[in-house]
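Numbering of ligands and ligand atoms starts at 1, following listing order.
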Amino acid sequence: MRYLSTRGGTAPLSFTQAVLTGLAPDGGLLVPERFPQVAEQLDAWRGLPYVELAQRIFRLYADDIPGNDLDAIVADAFTAFDHPDIAPLVDLGEISILELFHGPTLSFKDIALQILGRLFEYILGDSGRRLNILGATSGDTGSAAIHGVRGRESLSIFMLYPKGRTSHLQELQMTTVTDANVHCLAIDGSFDECQNIVKSTFADLEFKRRYDLGAVNSINWARVLAQMSYYTHVGLKSAEPTAFAVPTGNFGNIFAAIAVREMGVPVGRFTLATNDNDILARFFRTGVYRRGTVHHTISPSMDIQVASNLERYLWLRCGRDPERVKRFMSQFADTGEASLGDGAPVDPGIDPVAVDMNATRATMRDVHSRLGYVLDPHSAVGVAAARKVANGTVPVCIGAAHPAKFPDAVTEALGSETGNAVRHPVLDSLDPATARCTELPADRQAVMDYIRDNSTP
Ligand SMILES: *Cc1c(COP(=O)(O)O)cnc(C)c1O
């Protein structure tokens, strides 16, 4: 399998090259040259345990790693999960929840990042090379990435976050990891400033090469690949095509569902759920992609205006024509607005729905009082959206995070009695006394100096 850039300006890469490269050098995203058609294998796949199914899917896309090694990486990653089914499906009658938060940091990000950390380490192997992973987080990605690479010899991680603007628990999930290869950088600035520092550091190609910088955000193809397994696993459980509701921010999770659809796995409709940051809901309704300002909501992991993974979808939607993708992306970069402009519905299989905070809290209350289940605010956005498009089928709603990660939002919606009762031992055992981080100004040079002094090139 070869990987191409959505912008057409990069020589094809192997899977392992694609994983180490992250963003393509021409600024595009890496995509597989084809989506293997699996219709004829589905009967053999039905009933496979989760881990075995994930191994089959990885083998289709990661064909430059010996199959046995790949299987071992995937199997080992899932030992970090505390549920025997990895991703259990909880049937609540009118809806069901696919719980993806049984990994070490309690969000769906663990499914991909537990695998990615091991993949990096395997690919670097005995080369003597080290990778310095650089990222910015507003919450869940940071802790999941740190837990994926902690203690791995060939990796260091430098994670920037806006000081005082993540939730207290999210910060502790990062800063209480005491392995020497983990560097939490509390930046005196906003998340956007953190992300800009990361982007402009990657853009310094000499620095990137000298310090072997690697990326863990969802532009990395391995993350999408890892997430394809749960859509396939659930899709094969039912004779009818399964509809999914996906709370969406950077478009990584729902793109994994779309990739599964491309492979010929029978799936039903997808509900693309956003919070008040509705740029994607508007795009799928109108074909016009227009940047707005970021609204801060109770579902912070979806407070995103520019969804980096959308470019992979655009490539598919534009007939895999890199010239059309390039035109769209440069128009968007120049003017903050771009349009498909072909008058056709963007995607007849996707129902876009934006959900505001009142509707999110009302859904949390309703699902708790009538169905006895506590949703985290992100998953609640998905459930609320699915209900708006309800068409007689029971959708599978993505359970994106454990509700105990968001005690303030749960208390606000369900009252302090429930808020106090929603706990998780992983969070209860976080010890603030062990927290450590380095405070830095919102200044690229300061971050680069820190990396220089704390990495082994
Ligand atoms: C990352 C995240 C999302 C958004 O997922 P994308 O892949 O960025 O669309 C939603 N909810 C939670 C809890 C998350 O951590």
Side-chain angles (χ1 to χ4, degrees), residues 29 87 97-113 116 135-148 161 166-167 169-170 173-174 191 195 216-228 230-231 244-259 270-281 283-284 294 297-313 350 352-355 360 364 374-385 397-407 409-410 424 427:
L29 271 71
I97 308 290
L98 181 61
E99 292 186 344
L100 300 178
F101 47 73
H102 291 280
T105 72
L106 316 183
S107 84
F108 77 80
K109 304 287 198 297
D110 287 322
I111 290 187
L113 286 163
L116 186 57
T137 184
S138 60
D140 295 330
T141 299
S143 57
I146 285 170
H147 285 258
Y161 65 94
T166 63
S167 85
L169 284 176
Q170 284 176 323
Q173 282 186 291
M174 296 189 277
F191 171 66
Q195 195 153 35
V216 284
N217 52 10
S218 57
I219 58 164
N220 198 306
W221 169 254
R223 283 189 57 181
V224 176
L225 174 56
Q227 292 178 241
M228 284 155 61
Y230 47 80
Y231 290 106
F244 290 97
V246 188
T248 295
N250 236 333
F251 206 75
N253 202 358
I254 197 166
F255 187 76
I258 291 166
F270 301 146
T271 302
L272 184 161
T274 73
N275 61 22
D276 287 313
N277 298 282
D278 64 347
I279 178 172
L280 287 169
F283 171 69
F284 277 85
V294 177
T297 73
I298 55 171
S299 45
S301 298
M302 297 159 67
D303 292 348
I304 287 171
Q305 279 295 326
V306 179
S308 41
N309 260 289
L310 184 70
E311 188 165 335
R312 290 194 167 106
Y313 178 78
I350 293 182
V353 181
V355 177
T360 305
M364 291 170 74
V374 180
L375 289 168
D376 97 278
H378 304 78
S379 310
V381 169
V383 172
C397 298
I398 296 297
H402 192 284
K405 282 191 94 162
F406 303 97
V410 172
H424 193 286
L427 301 173

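When all heavy atoms are compared, the tightest approach of Val306 to Ile304 is O-CG2, 3.5 Å. Shortest non-hydrogen contact noted between Ala256 and Gln227 is CB-CB, 3.7 Å.
At a 3.5 angstrom cut-off on N or O pairs, Ile304 does not count as close to ligand 1.
Within the structure, ligand 1 has Phe108 among the residues with a heavy atom less than 4.0 angstrom away.
Using a 4.0 Å cut-off to heavy atoms of Ala401, the atoms of ligand 1 that qualify are 13 (C). Within ligand 1, counting atoms from 1 as listed, the ones closer than 4.0 Å to a heavy atom of Met302 are 10 (C). Annotation for ligand 1: atoms under 4.0 Å from non-hydrogen atoms of Asn253 are 7 (O). Near Thr248, meaning under 4.0 Å from any of its heavy atoms, are these atoms of ligand 1: 9 (O). For ligand 1, the atoms closer than 4.0 angstrom to any heavy atom of His378 are 11 (N), 12 (C), 13 (C). The atoms of ligand 1 that sit less than 4.0 Å from any heavy atom of Gly252 are 6 (P), 7 (O), 9 (O). Listed by atom number, the atoms of ligand 1 under 4.0 Å from Lys109 heavy atoms are 1 (C), 2 (C), 3 (C), 14 (C), 15 (O). Heavy-atom contacts of Asp140 reach the following atoms of ligand 1: 12 (C), 13 (C), 14 (C), 15 (O) (cutoff under 4.0 Å).
Regarding atom 9 (O) of ligand 1, its nearest protein heavy-atom neighbour is Gly249 N, 2.8 Å.
With rounding to the nearest 0.5 Å, the separation of CE in Met174 from CD1 in Ile146 is 6.0 Å. Atom NZ of Lys405 and atom CG of Leu427 lie 7.5 Å apart (nearest 0.5 Å). Between the CH2 atom in Trp221 and the CG atom in Leu29 there is a gap of 10.5 Å [rounded to 0.5 Å]. Here Phe270 contributes atom CZ and Ile350 contributes atom CD1; the two are 7.0 Å apart, rounded to the nearest 0.5 Å.
Counting heavy atoms closer than 4.0 Å to ligand 1, residue Asn250 contributes atoms from both its backbone and its side chain.
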Derivation and outcome, ring-ring contact (aromatic ring centres under 6.0 Å, His included), residues Phe283 and Phe251
CA-CA 12 Å; Phe283 171 69; Phe251 206 75; 8.4 Å; no
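By the 4.5 Å heavy-atom criterion applied to side chains, Thr360 and Ser299 are not counted as neighbours.
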